[in-house]
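To keep things clear, I will list the structure first and then write my remarks on it.
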Amino acid sequence: MFAGGAAVVWLTRVPAVVMSETSASDVERQWLKEVLKRRLIKLCAAGLVGGRAHAEYLEKLGIERTKNLFWL
């Protein structure tokens with residue numbers, strides 16, 4: 001679904017919001033997956049997260065905290 005989701009966002013040009021409960025310390029990160037995530041995140045208009053650690057991880061991937069990152 002990762003590639004499919006990216007294709008839909010790219011092809012339709014509809015603003016997408018990424019929802020994430022992942023933080024940088026959840027699991028050991030693999031550099032190739034992180035590169036792919038950064039590319040997908042750049043296609044998203046905003047992010048929706050549940051807490052500070054999740055926000056920091058999405059910010060690391062490329063979402064701007066000040067205007068495009070929303071916490072629940």
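FYI, the numbering just counts along the sequence from 1.
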From the list Arg52, Lys37, Glu21, side-chain hydrogen bond (donor to acceptor under 3.5 Å, both in side chains) partner of Tyr57 resolves to Lys37
Do the non-hydrogen side-chain atoms of Glu34 and Leu61 ever get within less than 4.5 Å of each other? yes
For Val18 and Cys44 the tightest heavy-atom approach is CB-SG, 4.1 Å
Per side-chain contact (heavy atoms from CB on, under 4.5 Å), Ser20 is matched among Ile41, Ile63, Leu58, Leu48 by Leu58
- Item | More than 12 heavy atoms from other groups under 6.0 Å of CZ on Arg39 | no
